[in-house]
Amino acid sequence: MDALLINPRDEEEMNFMLEFIKRMGLKFRKLDDIEDDLLLSVMEENRKSPLITKQSMLNTIDNILNEDAEEYK
């Protein structure tokens with residue numbers, strides 16, 4: 001199914017469009033809600049990754065910032 005992106009000029013026009021869409025019985029989602037859902041899913045997926053030590057993280061950052069460091073892995 002195709003999607004339609006509408007960019008209202010102001011809050012009043014946004015409310016009008018939302019009310020119109022509701023009265024037509026159509027489904028809609030705001031872009032902010034979609035972005036929030038995507039961010040949440042990435043965060044939940046990342047939560048499943050193994051924990052690392054603080055020192056390991058600091059060493060990795062130091063390697064990235066240090067010009068003479070070994071290649072980042």
Taking all non-hydrogen atoms of both residues into account, name the closest pair between Met57 and Ile52 and its distance.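 Where Met57 meets Ile52 most closely, the heavy atoms are CB-CD1, 3.8 Å.
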*Determine the minimum heavy-atom distance between Leu18 and Lys30, stating which atoms define it.*
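Nearest pair, atom of Leu18 first, then Lys30: CD1-CE, 3.7 Å.
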Enter the distance from [X]:[atom1] to [Y]:[atom2] here, rounded to the nearest 0.5 Å.
X	Y	atom1	atom2	value
Asn7	Met14	CG	CE	8.5 Å
Asp10	Asn15	CG	CG	9.0 Å
Ile21	Leu4	CD1	CG	7.5 Å
Ser41	Asn46	OG	CG	11.0 Å

In chain order, what residues pass the side-chain hydrogen bond (donor to acceptor under 3.5 Å, both in side chains) check against Glu35, with sequence neighbours excluded?
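Partners of Glu35 by the side-chain hydrogen bond (donor to acceptor under 3.5 Å, both in side chains) criterion come out as none, since no residue qualifies.
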Applying the side chain to side chain contact (heavy atoms under 4.5 Å, CB included) criterion to Thr60, which one of Ile64, Leu58, Asn63 satisfies it?
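Option passing the side chain to side chain contact (heavy atoms under 4.5 Å, CB included) with Thr60: Ile64.
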Worksheet item: Are any of the side-chain nitrogens in Glu44 or Lys48 under 4.0 Å away from the carboxylate oxygens of its partner?
Response: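 So Glu44 does not pair with Lys48 through a salt bridge.
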Notebook entry, point to check: In terms of hydrophobic clusters joined by side-chain contacts under 4.5 Å, are Leu38 and Leu40 together?
Noted result: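 Result: no, two separate clusters.
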- prompt: Is the number of heavy atoms from other residues, nucleotides or ligands within 6.0 Å of CZ (Phe28) greater than 12?
  reply: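 Yes, the 6.0 Å shell around CZ holds more than 12 heavy atoms from other groups.
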Review point. Taking everything shown except Arg29 itself, do over 12 heavy atoms lie less than 6.0 Å from its CZ?
Key: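 Correct, the count exceeds 12.
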